[in-house]
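Below, chain A is the first sequence line, B the second, and so on; all start at residue 1. Worth saying up front: this structure is predicted, and the values here are computed from it rather than measured. Below, each value reflects all heavy atoms present in this structure, side chains not excepted, and no hydrogens, waters or symmetry copies.
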Amino acid sequence: MTEESSTSKNFIEEIIDEHNRTGRFDGKVKTRFPPEPNGYLHIGHTKALVVDFGMAEKYGGSTNLRYDDTNPVKEDAEYVDAIKKDIHWLGFDYEQELYASDYFEPLYEMAVMLIKKGKAYVDELSPDEMREYRGTLTEPGKNSPWRERPVEESLDLFERMRKGEFPDGSKTLRAKIDMASPNINMRDPVMYRILHASHHRTGNKWCIYPMYDFAHGQSDSMEGITHSMCSLEYENHRPLYDWFLDELELFHPQQIEFARLNLTHTVMSKRKLRLLVEKGYVDGWTDPRMPTLSAMRRAGYPAKAIRNFIDAIGVAKSDSFVEVELLEHFVRDELNQTAPRRMAVLRPLKLIIDNYPPEQTEEFQVSDFPQDPDCQSGRLVPFSRELYIEQEDFMENPIPKYFRLSPEREVRLMSAYFVKVVSTDKDSDGNILAVHCTYDPQTRGGNAPDGRKVKGTIHWVDARHALNAELRLYDYLFKDEHPEDLPEGEVFTDHVNADSLEVLKDCKLEPSLKDALPGQPWQFVRNGYFTADSLASRPENLVFNRTLSLADSWAKIQGQK
RNA sequence: AGGGGCAUGGUGCAACGGCAGCACACCGGACUUUGAAUCCGUUGAUCCUGGUUCGAAUCCAAGUGCCCCUGCCA
């Protein structure tokens, strides 16, 4: 439990408190979450999402969902439903569902107003020329030759741009600000460009589309957004955000920038994620190694864990890399309380109890949450003469401090009996095929009436009733700590961990797992958390995914082999 | 280089002129029907220099380092 101290406020809350003191927004807080519908939401978006919805929630306000769809060539309706599903899964609800494209008409009117005011003009510079005229970081730009054309001429041309009289790229509408501004965003930014492209919602109605900068602030304003949170790279855009609102004399929301989320061992860049999918490094956008919300949902990450994680990382303005271990901590924390414990043998070794009646079967009541002494829920697990145990739970020549099964040592089969090894079956190469043992019938349930103790307890699955399963063990996808720093393009795929997926095809599961529902997480005794796979489960050969690395426990266990 | 930001243990975030704290990680210990989990504990930080002040992470000045900006992307 991470109870954030109630006195500690992040810098956004400080700003809102200040607004409330001065009465700038009459104590109202209204926010918006503005995804561009061009891909799946990932854990990085989730930070923005939790900040946007969370701030409104905290101050008794509300949040609009607004798809930022001002660029028809990059966006698609197929992502809209996925985005909504992810928001609801995280437990948030929005007041209105809107699109930037809802505002194309009023935005057009605003552009006309600015032209009339002498604050915007139709430019005919080519993209190359415009770059040239813009100047550089250290040198001022020069005015376009079209900058001082008569208002009437711009008005006429802009109207004809809308009518589709001109080809793509031939003309733009630009704001008349200052070509010598040290902030390059203020050097007569483009407000509208010509794009003869079909828009996912407005179809072919428009062939001119507003730029982000000309759409976002006014959209915020029209919706009565008070606090418009975005990532750090928009700091340079805030003067422009403010300029449009002031020139248009509109209600003026406050833009607030904060640092986006970077996670170690993974990337957030949609471009890079797409490359992983296209190059086949992962099995689609929902591959459990992907940082998308849909992948995390499939992998069994509880929504609550993700929200706790986002709360814990805080909100600030410094660029940072959060360790993925922190995310795993919150997932584990949540799963410990919600994922029932089951016995599963990943690498089976046959264990035969020589003195157990061959035809006999008995059932043991096993708790679903063994670490909780008050736990009432449990299930019956069958037990008979032949069982499977982990290969690594038997050592013919035990190393020091090895407490599990070895010749002459008595251990407990969890919830069942004490057993002691008597012999092993080997093939001609000396490989162990099976282990023979004897059991003590007095120790039923796992306790000896004479009070003797065992140092080791191991899990098991009855051979006759075992389910066969394929288990997929996922590790970090990137070898590098900070893959977000990797080079652009295809080169970065060299940094992908080729061993990030290990498939175990001959695993043995206790029979109660037969009814495992897709997406439901289970905690396997000593083997971590697994989730039945929604895409691949089938009755006789279940497929489970394990996504938490649990690197340390594995290192310990494997280091002793 | 011009402009805009940022700088606190390994990582992330607090402390807003008054004892530098929390979480994760690490290390150590305890406990357990598995060595997992859980519980307890230790180590460890204010970018540098100067100034103001009884007192500075906090205010001031000069430096250093990192990030963003030269799309008709968002």
Side-chain angles (χ1 to χ4, degrees), chain A residues 2-5 7-10 14 34-36 38 68-71 73-75 100 123 125-127 130-132 134-141 168-174 181-187 189-195 208-209 211-213 215-216 230-239 257 259 261 264 309 312-330 332 336 341 366-367 370-371 390 393 401-404 411-416 445-447 454-459 481 523-528 550 552-554 556-557 560:
Chain A
T2 49
E3 229 26 80
E4 212 175 328
S5 81
T7 54
S8 167
K9 293 193 173 187
N10 66 44
E14 303 280 0
E36 184 182 15
N38 69 344
D68 228 330
D69 58 351
T70 54
N71 186 354
V73 306
K74 287 175 69 178
E75 293 140 9
D123 196 11
L125 253 27
S126 70
M130 197 180 287
R131 193 176 312 120
E132 216 179 295
R134 186 156 35 228
T136 68
L137 294 178
T138 50
E139 306 159 75
D168 287 4
S170 60
K171 291 181 176 48
T172 56
L173 182 72
R174 299 178 70 181
S181 171
N183 181 347
I184 292 180
N185 293 306
M186 299 299 272
R187 317 241 261 233
V190 173
M191 294 160 58
Y192 270 90
R193 75 282 214 186
I194 301 173
L195 244 32
I208 57 172
Y209 292 92
M211 300 288 289
Y212 165 86
D213 285 309
H216 205 91
C230 59
S231 49
L232 247 27
E233 67 263 32
Y234 289 99
E235 272 177 324
N236 294 325
H237 293 248
R238 178 153 32 91
E257 309 85 9
L261 170 66
T264 59
F309 166 70
I313 61 174
V315 185
K317 295 193 71 158
S318 58
D319 299 302
S320 58
F321 259 94
V322 176
E323 290 175 342
V324 72
E325 285 83 354
L326 186 61
L327 206 212
E328 294 191 342
H329 163 78
F330 284 102
R332 198 180 293 127
N336 265 336
R341 201 78 70 112
V366 183
S367 166
Q371 66 276 57
E390 296 287 351
D393 283 350
K401 287 192 162 184
Y402 185 83
F403 299 141
R404 287 169 275 168
V411 302
R412 171 166 41 230
L413 294 174
M414 198 178 176
S415 296
N447 287 304
V454 289
K455 287 198 118 175
T457 303
I458 63 176
H459 58 278
E481 266 288 297
Q523 187 173 183
F524 288 175
V525 174
R526 210 182 58 217
N527 281 325
L550 296 177
D552 293 326
S553 55
W554 275 95
K556 278 180 194 165
I557 291 164
Q560 291 181 358

Could you check whether A:G456 gets within reach of a base, just the sugar-phosphate, or nothing at all, counting any heavy atom under 4.0 Å?
nothing
Under a 3.5 Å limit on both distances, the Watson-Crick or wobble mate of B:A14 is none
Summarise protein proximity over nucleotides 68-74 of chain B in one line of letters, 5' to 3': B for base, S for sugar-phosphate only, - for none, counting protein heavy atoms closer than 4.0 Å.
BBBSBBB
Among the nucleotides B:A37, B:A7, B:A14, whichever has the atom closest to the side chain of A:S318 is B:A7
Checking B:C16, B:G2, B:C67 against the side chain of A:E14 (C-beta onward), the nearest is B:C16
Tell me what A:N447 touches on the nucleic acid: a base, only sugar-phosphate, or nothing, going by heavy atoms under 4.0 Å.
base
Quick one: look up who B:C6 pairs with, Watson-Crick or G-U, both distances under 3.5 Å, and put none if it's unpaired.
B:G65
Name the closest nucleotide to the A:D319 side chain, picking from B:C67, B:U33, B:A25.
B:C67
With sugar-phosphate meaning primed atoms plus P, OP1 and OP2, does A:E235 contact a base, only sugar-phosphate, or nothing at under 4.0 Å between heavy atoms?
sugar-phosphate
Distance test, side-chain N/O of A:S320 to OP1/OP2 of B:C13, below 4.0 Å
yes
Going by atom types only, do A:N527 and A:E390 share a side-chain donor-acceptor pair under 3.5 Å?
yes
Assign A:V315 to base, sugar-phosphate, or nothing according to its heavy-atom contacts below 4.0 angstrom with the strands shown.
sugar-phosphate
Which nucleotide in the set B:C67, B:A14, B:C6 lies at the smallest distance from any side-chain heavy atom of A:A316?
B:A14
